[in-house]
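Down below is the structure, laid out as structure tokens.
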Protein chains: 2
Amino acid sequence: MTSLSKPVASKPSGRRGRPPAAAGDALTRDKIVATALELLDQHGLAAFSVRDVAKTLGVYPAAIYWHIPTRNALLAELVAHVLRDLNPKCAVAAWQDWLRELFIGYRDAIRLHPNIAPLIGAQLVSNASMDFDLMERMLQVLSEAGFRGQRLIAAFNVVIAAQVGFVTLEFAPAPAEDPAGWAEDMQRLIGSVTAERHPLLAAHLPRMANRSFTLRWQNGTVISLDSHFTAYIETVIAGLERLASQIN
Amino acid sequence: MTSLSKPVASKPSGRRGRPPAAAGDALTRDKIVATALELLDQHGLAAFSVRDVAKTLGVYPAAIYWHIPTRNALLAELVAHVLRDLNPKCAVAAWQDWLRELFIGYRDAIRLHPNIAPLIGAQLVSNASMDFDLMERMLQVLSEAGFRGQRLIAAFNVVIAAQVGFVTLEFAPAPAEDPAGWAEDMQRLIGSVTAERHPLLAAHLPRMANRSFTLRWQNGTVISLDSHFTAYIETVIAGLERLASQIN
DNA sequence: ACCTGAACACCGTTCAAGT
DNA sequence: ACCTGAACACCGTTCAAGT
């Protein structure tokens with residue numbers, strides 16, 4: 001993680017100041033992040049509030065703001081925390097295998113905290129939560145694949161975009177208000193498909209209901225889309241192979 | 001658009017009730033959506049509020065709730081409105097060309113209202129804003145490409161995910177609070193790259209600064225990533241060609 | 001049917017004041 | 001340095017009441 005805008009954390013300044021009340025009572029940035037992540041996991045982004053984090057920590061809301069500049073900064077911190085340690089092993093593998101490992105590792109990380117998903121692509125700040133080591137390694141891998149110069153950068157962006165795309169959709173949250181009613185609406189809608197007007201859709205409906213991105217009422221936390229994700233990875237890698245071969 | 005959860009709009013019920021005050025003064029669902037979209041375009045999602053929509057329309061906040069059940073429903077309506085008329089011409093083109101047209105059309109639609117981007121993948125409701133005609137056509141196109149049965153559904157999801165991925169990132173909003181300071185932070189961070197520790201990154205930095213997804217301080221509304229997007233499309237299509245050929 | 005007017009239960013954030 | 005306590009300017013949403 002790149003840790004932008006982290007307040008300069010003016011060094012402990014030696015002696016002065018009472019010791020933390022009961023050894024574990026001191027409010028720290030880490031403790032705030034941990035608690036915030038728990039709350040996000042439990043209740044989702046829609047219900048997430050700084051005040052709630054404060055209450056859970058047994059502290060006044062304003063206390064949070066001593067350690068963290070803003071709600072958005074806290075959320076960005078959560079993204080960085082969830083995506084830390086993403087770097088695939090630098091083993092001898094082919095570039096294709098490295099990319100596979102990256103994609104799968106990314107999805108697994110999000111799977112542990114799926115409610116973070118809507119934040120990932122949604123803000124430039126969270127886009128930036130990738131460390132230099134990982135970027136360097138990715139450039140290296142794509143160079144091995146045959147990309148040079150301008151096209152190396154393009155390939156880089158293609159990989160980042162692909163990495164985020166499927167998983168964001170897979171774990172998009174269902175509506176908070178009245179999910180049951182919404183599921184009914186969706187199923188009624190699906191029931192309105194007719195073989196006359198939409199023959200292919202009607203034919204594949206059993207396989208698509210609650211599985212295709214446009215016809216789901218539950219997300220990837222309930223209905224996992226493993227085989228589709230594998231197809232996605234292989235599509236992107238095969239596409240990159242072809243693109244690389246066209247250049248040289 | 002699928003128009004889930006639209007309140008049944010109980011039919012005008014004949015005669016009763018005074019006529020709308022000054023002919024154009026009647027508050028309608030369409031007028032609310034239009035105003036909401038304007039406000040979203042102007043001030044972004046972070047600043048968007050139902051109360052603001054009401055104020056702009058010269059009406060009490062509660063008046064909105066007669067026409068629209070909730071803020072989220074309104075946002076979903078905006079997504080549907082922006083993505084309406086996405087269906088590429090059903091011309092005789094090859095399936096590859098149809099997909100190209102779809103991807104480009106989707107990006108162009110978002111480009112007209114870029115502040116909608118963070119909403120697109122972020123909620124299941126907005127995932128559902130795709131009409132049956134478009135889905136049927138896509139299944140048809142992917143059948144032409146050679147996908148059948150289970151793999152047809154996988155290919156369908158691959159295309160949807162790919163369609164959303166790049167564009168969501170490209171138009172991810174910069175932080176609302178102090179964007180200038182954030183840009184400085186980002187540039188300072190970029191300045192800290194060293195050729196010793198990250199040689200490839202250092203070498204390509206001029207081309208990556210504000211262009212690569214992980215090193216930007218401005219989004220696609222300012223810095224367009226056209227050539228990268230083209231590379232992205234071609235990667236996905238080439239990947240699908242390969243995947244389809246592996247099956248048969 | 002459709003809107004007013006007021007209220008409820010929240011927010012994020014700021015700031016003086018304490019220790 | 002770090003937190004309390006209170007306040008400010010907002011929210012989304014509900015509901016009785018008007019017309």
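A, B, ... follow the sequence lines: proteins, then strands. Residue 1 opens every chain.
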Does [Y] offer a backbone N or O that forms a donor-acceptor pair with the side chain of [X] under 3.5 Å?
X        : Y        : result
Arg71(A) : Phe48(A) : yes
Arg29(A) : His67(A) : yes
Lys31(A) : Ala26(A) : yes
Arg84(B) : His81(B) : yes

May I ask you to verify if any side-chain N or O of His67(A) is less than 4.0 angstrom from the OP1 or OP2 atom of dA1(D)?
no
Contact under 4.0 Å: Tyr60(A) side-chain N or O vs dG5(D) OP1/OP2:
yes
For residues 110-123 of chain A, tabulate all N or O donor-acceptor pairs below 3.5 Å that involve a side-chain atom, not counting sequence neighbours.
{"unit_1": "Arg111(A)", "atom_1": "NH1", "unit_2": "Ser224(A)", "atom_2": "OG", "d": "3.3"}
{"unit_1": "Arg111(A)", "atom_1": "NH2", "unit_2": "Asp108(A)", "atom_2": "OD1", "d": "3.1"}
{"unit_1": "His113(A)", "atom_1": "ND1", "unit_2": "Asp41(A)", "atom_2": "OD1", "d": "3.1"}
{"unit_1": "His113(A)", "atom_1": "ND1", "unit_2": "Asp41(A)", "atom_2": "OD2", "d": "2.8"}
{"unit_1": "Asn115(A)", "atom_1": "ND2", "unit_2": "Leu40(A)", "atom_2": "O", "d": "2.7"}
{"unit_1": "Asn115(A)", "atom_1": "ND2", "unit_2": "Asp41(A)", "atom_2": "O", "d": "3.2"}

Nucleic acid contacts - residues 40-58 of chain A versus DNA chain C, non-hydrogen atoms under 4.0 Å:
Phe48(A), Ser49(A), Val50(A), Arg51(A)
Here's a test of your reading of the structure: between Val59(B) and Glu177(B), which maps to the more 5' nucleotide of DNA chain C?
Val59(B)
Could you tell me how far apart [X] ([atom1]) and [N] ([atom2]) are, to the nearest whole angstrom?
X        : N       : atom1 : atom2 : result
Ile64(B) : dC2(C)  : CD1   : P     : 14 Å
Ile68(A) : dC3(D)  : CD1   : C1'   : 15 Å
Trp66(B) : dA1(C)  : CH2   : C1'   : 6 Å
Arg71(B) : dC11(C) : CZ    : C1'   : 12 Å

Quick one: side chain to side chain donor-acceptor pair (under 3.5 Å) partners of Asp30(B), sequence neighbours excluded?
none
Hey, mind stepping through Arg137(A) and Asp131(A) against salt bridge (Lys or Arg N to Asp or Glu O under 4.0 Å) and telling me if it holds?
CA-CA 10 Å; Arg137(A) 184 74 180 114; Asp131(A) 62 28; over 6 Å; no
Considering only nitrogen or oxygen atoms on both sides, find all protein atoms under 3.5 Å from nucleotides 14-17 of chain C and state each distance.
none

Give me the atom names and distance for the closest heavy-atom approach of Ile68(B) to Ala73(B).
CG2-CB, 4.5 Å
Watson-Crick or G-U pairs under 3.5 Å in DNA chain D, rendered as dot-bracket with [ ] for crossing pairs and | for another strand
||.|||||...|||||.||
Parallel, tilted or perpendicular: which fits the ring planes of Tyr232(A) and Phe166(A), with parallel below 30° and perpendicular above 60°?
tilted
Hey, is CZ on Arg211(B) packed in by over 12 heavy atoms from elsewhere, all under 6.0 Å?
no
Side-chain donor-acceptor distances from residues 212-221 of chain B under 3.5 Å, at least two apart:
{"unit_1": "Ser212(B)", "atom_1": "OG", "unit_2": "Thr214(B)", "atom_2": "N", "d": "3.3"}
{"unit_1": "Ser212(B)", "atom_1": "OG", "unit_2": "Thr214(B)", "atom_2": "OG1", "d": "3.2"}
{"unit_1": "Ser212(B)", "atom_1": "OG", "unit_2": "Leu215(B)", "atom_2": "N", "d": "3.4"}
{"unit_1": "Arg216(B)", "atom_1": "NH1", "unit_2": "Glu170(B)", "atom_2": "O", "d": "3.1"}
{"unit_1": "Arg216(B)", "atom_1": "NH2", "unit_2": "Asn127(A)", "atom_2": "OD1", "d": "3.4"}
{"unit_1": "Arg216(B)", "atom_1": "NH2", "unit_2": "Leu169(B)", "atom_2": "O", "d": "2.7"}
{"unit_1": "Gln218(B)", "atom_1": "OE1", "unit_2": "Asn210(B)", "atom_2": "ND2", "d": "2.9"}
{"unit_1": "Asn219(B)", "atom_1": "OD1", "unit_2": "Thr221(B)", "atom_2": "N", "d": "3.0"}
{"unit_1": "Asn219(B)", "atom_1": "OD1", "unit_2": "Thr221(B)", "atom_2": "OG1", "d": "2.6"}
{"unit_1": "Asn219(B)", "atom_1": "ND2", "unit_2": "Phe171(B)", "atom_2": "O", "d": "3.3"}
{"unit_1": "Asn219(B)", "atom_1": "ND2", "unit_2": "Ala172(B)", "atom_2": "O", "d": "3.1"}

